[in-house]
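The block underneath contains the structure these notes are about, expressed in C-alpha cells.
Residue indices begin at 1 and follow the sequence shown.
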Amino acid sequence: QVQLVESGGGLVQAGGSLRLSCTASGRTFSSYAVGWFRQVPGKEREFVSGIARADRSTDYADSVKGRFTISRDNAKNTVYLQMNSLAPEDTAVYYCAARATSAGTSIYYYTYSYNFWGQGTQVTISS
C-alpha cells in the first residue's frame, strides 16, 4: 500500500510556471511507475505524463509536450511535474497515480492501470 499526496497547485497567469509534487509514503516509491492525470468538471480524467519505475523513461500527452517535464527523486519518494508556459486550457485538478510493477521501462496511460491515487491539486491558469 502506498499513500500519495500532491502539492504545488495554485493560481498563476498564462505563461507562468508551476511545479507539482507527488510524495509517497508507506512503501518504497522506486517500485512504482507513476503518472500524472488531470480532470475538468464534466470530462474524463486524462493522461498528462508518465514516468517508468526503473529507467525513468517518460512520456507526455501531445497537449503538454515541450512544456511539461516529469521527473522523480526516489530518495525523496517524490515525483515532480514541472509545468511551463501554462495556458488557460491547462486549468484542471491534477492527480498523481502509482502502480507497482516489475516492468522497469513501462509507462501506463490509462486510469485503470493505476492502483493508487492522490487527492488532487487544483491548477488554475488565468488569461
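Counting only heavy atoms from C-beta outward, the side chains of T111 and W117 approach each other to under 4.5 Å. Between V123 and L18, some side-chain heavy-atom pair lies under the 4.5 Å cut-off. No side-chain heavy atom of T69 sits under 4.5 Å from any side-chain heavy atom of L81. Put simply, the side chain of Y94 does not reach to within 4.5 Å of the side chain of Q39, judged on heavy atoms. In this structure, the side chains of M83 and R19 stay at 4.5 Å or more apart for every pair of heavy atoms. The side-chain heavy atoms of L20 and Y80, taken from C-beta on, include no pair separated by under 4.5 Å. You'll find the side chain of D59 reaches within 4.5 Å of the side chain of K65, heavy atoms only.
Each disulfide bond (SG atoms under 2.5 Å apart) pair with one or both residues in residues 49-82, not counting sequence neighbours, would appear here, but there are none. Evaluation of the disulfide bond (SG atoms under 2.5 Å apart) test over residues 20-122, restricted to residues two or more places apart or in two chains, returns C22-C96. Screening residues 47-75 for ring-ring contact (aromatic ring centres under 6.0 Å, His included), with sequence neighbours left out, gives F37-F47, F47-Y109. Contacts classified as salt bridge (charged side-chain N to carboxylate O under 4.0 Å, His left out) and involving residues 83-94 (residues at least two apart or in different chains) are given here: R38-D90, R67-D90. Applying the disulfide bond (SG atoms under 2.5 Å apart) rule to pairs touching residues 40-74 yields nothing, sequence neighbours excluded.
Between the side chain of R72 and the main chain of F29, a donor-acceptor pair closer than 3.5 Å is present. Between the side chain of T91 and the backbone N or O of I125, at least one donor-acceptor pair lies under 3.5 Å. Between the R53 side chain and the S102 main chain, a donor and an acceptor come within less than 3.5 Å of each other. A side-chain donor-acceptor contact under 3.5 Å links E6 to the backbone of G120.
When every heavy atom of G104 is checked against every heavy atom of A52, the shortest pair comes out as O-CB, 3.4 Å. In terms of heavy-atom proximity, A98 sits nearest to Y32 at CB-CD2, 3.9 Å. Heavy atoms only, all atoms of each residue included: N74 and S30 are closest at ND2-CB, 3.6 Å.
Other members of the cluster containing L11 do not exist, because no ILVMFWY side chain is joined to it at under 4.5 Å.
Here S106 pairs with A103, Y108 under the side chain to side chain contact (heavy atoms under 4.5 Å, CB included) rule; sequence neighbours left out. Y95 meets the ring pair (Phe, Tyr, Trp, His ring centres under 6.0 Å) test with no other residue; sequence neighbours excluded. A search for side chain to side chain contact (heavy atoms under 4.5 Å, CB included) contacts involving Y112 returns Y110, not counting sequence neighbours. T78 meets the side-chain hydrogen bond (donor to acceptor under 3.5 Å, both in side chains) test with T23; sequence neighbours excluded. Taking the side chain to side chain contact (heavy atoms under 4.5 Å, CB included) definition, one finds that S25 meets it with Q3, sequence neighbours left out. Remark: S17 engages Q82, N84 in a side chain to side chain contact (heavy atoms under 4.5 Å, CB included) (not counting sequence neighbours).
To the nearest 0.5 Å, atom OG of residue S21 and atom CG of residue D73 are 10.0 Å apart. To the nearest 0.5 Å, atom OG of residue S113 and atom CD1 of residue I107 are 12.0 Å apart.
A single hydrophobic cluster is seen to contain both V2 and V34, as judged by linkage of ILVMFWY side chains at heavy-atom distances under 4.5 Å, directly or through other members. Linking ILVMFWY residues whenever their side-chain heavy atoms come closer than 4.5 Å, directly or via other members, leaves V93 and V64 in distinct clusters. Hydrophobic clustering (side-chain heavy atoms under 4.5 Å, transitive across Ile, Leu, Val, Met, Phe, Trp, Tyr) groups F116 together with I70.
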